[in-house]
Trainee: 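Dumping the structure here so I can ask a few things about it.
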Amino acid sequence: MRMLSAALALAAAIGFSAAATAQDYPTRPITMVVPFAAGGPTDTVARLVAESMSKTLGQQVIVENVGGAGGTRGAGQVAKAAPDGYTILLHHIGQATAATLYRKLPYNPATDFEAVGLVTAVPMTMIGKPGFAPKTMAEAVDFVKANKDKVTYGNAGVGSASHLCGMLFMSSIGTQMTTVPYQGTGPAMNDLVGGQIDLMCDQTTNTTGQIKGGKVKAYAVTTKDHVKSLPDLPTMQESGLKDFEVAVWHGIYAPKGTPKAIVDKLNAALDVALNDPKVVARFADLGTEPEPKDRRSPAFHKDFVIAEIAKWKPVIQSAGVYAD
Ligand code: ASP
């Protein structure tokens with residue numbers, strides 16, 4: 001009996017301290033893992049949001065870049081972190097595509113995380129190195145088909161958005177290219193601008209400045225509609241690539257088991273960030289906008305990840321692309 005009441009007292013104390021921890025949270029800096037290299041588009045979104053969230057939470061949200069394996073290294077690290085709200089992940093559409101692309105993923109993107117909220121859905125652009133021969137998307141398609149053994153395409157590894165876009169492109173034109181993987185499209189962009197690789201498809205959060213500065217050739221945008229900050233750029237569909245549509249949605253995650261009160265605090269801080277005029281203006285410069293209010297809740301995000309895994313599964317299976 002005495003042992004039972006001691007056990008109950010211990011359980012109550014643990015419950016109480018978890019509640020107290022959630023109430024005081026955060027009492028120290030939070031690490032936001034970005035599963036790609038610094039200087040790329042996911043990193044740019046994360047740093048903007050983290051800066052605003054730091055102000056709301058009263059503690060620094062520090063971005064840590066853990067690139068490699070198309071985003072699965074960083075995501076895997078957060079899946080195994082303590083569920084205390086001090087390690088969180090900002091990842092993109094790769095959270096859904098990796099579930100099918102990887103035969104052996106050491107974590108489950110649908111069940112090993114608490115969804116905190118969606119951030120932004122970013123259009124992608126197909127771009128070429130300076131001086132690349134094709135002038136339009138249609139010419140680029142012909143050029144790739146005619147030079148398939150020579151054309152190189154940079155991406156951020158299997159599971160990245162640039163990989164997904166390249167995979168859709170190659171399957172829709174029925175031609176392969178040589179892909180060159182990087183830890184993120186920040187470093188890949190350096191090589192594209194330097195002429196070491198020929199083509200890349202990347203988020204406008206990385207490409208807008210380079211396109212406007214004339215550092216790369218821009219061919220098309222991957223969304224159904226034009227991008228306001230790049231109004232002259234045609235869509236892939238207008239360029240003859242039927243049904244080609246992809247936007248890179250980003251979300252924040254905490255490890256599974258993070259108390260709901262902590263997830264809600266993070267979500268509230270994210271919500272403030274997405275209403276922050278500085279964030280909204282910077283997003284607009286970079287060709288994107290915050291997710292609308294009705295898509296920002298943890299519940300919406302959780303269901304969205306599951307729906308996106310189901311959406312991309314048949315596409316990946318029909319392309320027959322897998323990684324170990
Ligand atoms: N844009 C990259 C991707 O292709 C990732 C990055 O470097 O942010 O997924």
Side-chain angles (χ1 to χ4, degrees), residues 32-50 63-78 89-102 105 109 118-128 152-170 177 179-193 197-211 216 218 221-223 227 236 244 246-253 282-283 286-288 305 308 312 315-316 321 323:
M32 178 184 275
V33 171
V34 168
F36 298 103
T42 315
D43 180 68
T44 297
V45 167
R47 283 176 200 273
L48 272 168
V49 167
V63 170
E64 185 184 325
N65 300 89
V66 183
T72 60
R73 227 185 104 222
Q77 188 171 306
V78 176
L89 172 73
L90 190 145
H91 196 2
H92 63 30
I93 194 169
Q95 184 76 329
T97 55
T100 308
L101 281 166
Y102 282 80
L105 203 57
L118 290 174
V119 180
T120 176
V122 185
M124 303 189 87
T125 49
M126 187 65 82
I127 53 177
T152 50
Y153 175 86
N155 70 20
V158 178
S160 64
S162 43
H163 168 262
L164 177 67
C165 184
M167 188 185 87
L168 295 175
F169 178 63
M170 290 188 272
M177 295 179 282
T179 52
V180 185
Y182 293 80
Q183 298 244 325
T185 46
M189 178 64 89
N190 292 340
D191 276 8
L192 188 79
V193 171
I197 52 173
D198 298 320
L199 268 178
M200 183 161 78
C201 177
D202 198 21
Q203 287 109 287
T204 54
T205 33
N206 196 33
T207 63
T208 305
Q210 307 290 3
I211 293 172
V216 295
V221 60
T222 63
T223 40
V227 177
M236 290 290 243
F244 199 114
V246 55
V248 185
W249 53 269
H250 296 60
I252 295 181
Y253 305 81
R282 191 73 191 115
F283 272 7
L286 296 172
T288 192
V305 172
E308 281 284 296
W312 291 106
V315 179
I316 294 162
V321 188

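Numbers here simply count residues along the sequence, with the first being 1. Each ligand, and each atom within it, is numbered from 1 in the order the structure gives.
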Trainee: Between ligand 1 and the protein, which N/O pairs fall short of 3.5 Å?
Mentor:
residue	atom	partner	partner atom	Å
ligand 1	1 (N)	Thr185	OG1	2.8
ligand 1	1 (N)	Asp202	OD1	2.7
ligand 1	1 (N)	Gln203	OE1	2.5
ligand 1	4 (O)	Ala161	N	3.4
ligand 1	4 (O)	Ser162	N	2.7
ligand 1	4 (O)	Ser162	OG	2.4
ligand 1	7 (O)	Thr185	N	2.8
ligand 1	7 (O)	Thr185	OG1	3.2
ligand 1	8 (O)	Thr42	N	3.0
ligand 1	8 (O)	Thr42	OG1	2.6
ligand 1	9 (O)	His92	NE2	2.6
ligand 1	9 (O)	Ala161	N	2.8

Trainee: Using the side chain to side chain contact (heavy atoms under 4.5 Å, CB included) criterion, which residues pair with Asp191? Sequence neighbours excluded.
Mentor: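 With sequence neighbours excluded, Asp191 shows a side chain to side chain contact (heavy atoms under 4.5 Å, CB included) to Tyr182, Gln196, Ile197, given in chain and number order.
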Trainee: Using the rule given for side-chain contact (heavy atoms from CB on, under 4.5 Å), can you reason through Trp249 versus Leu118, listing the C-alpha separation, both sets of side-chain angles and the distance that settles it, and then say yes or no?
Mentor: CA-CA 7 Å; Trp249 53 269; Leu118 290 174; 3.8 Å; yes
Trainee: Taking the side chain as everything from C-beta on, heavy atoms only, tell me whether Ile252 gets closer than 4.5 Å to Met32.
Mentor: yes
Trainee: Looking at residues at least two apart in the chain, or sitting in another chain, which of them share a ring-ring contact (aromatic ring centres under 6.0 Å, His included) with Tyr253?
Mentor: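 By the ring-ring contact (aromatic ring centres under 6.0 Å, His included) rule, Tyr253 matches Phe113, His301.
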Trainee: Measure across Leu286 and Thr204 and return the closest heavy-atom pair with its distance rounded to 0.1 Å.
Mentor: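 Heavy atoms only, the tightest pair is O-OG1, 2.7 Å.
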Trainee: Could you list all the side-chain hydrogen bond (donor to acceptor under 3.5 Å, both in side chains) pairs where at least one residue sits in residues 157-166, not counting sequence neighbours?
Mentor: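 The answer is Ser160-Ser162.
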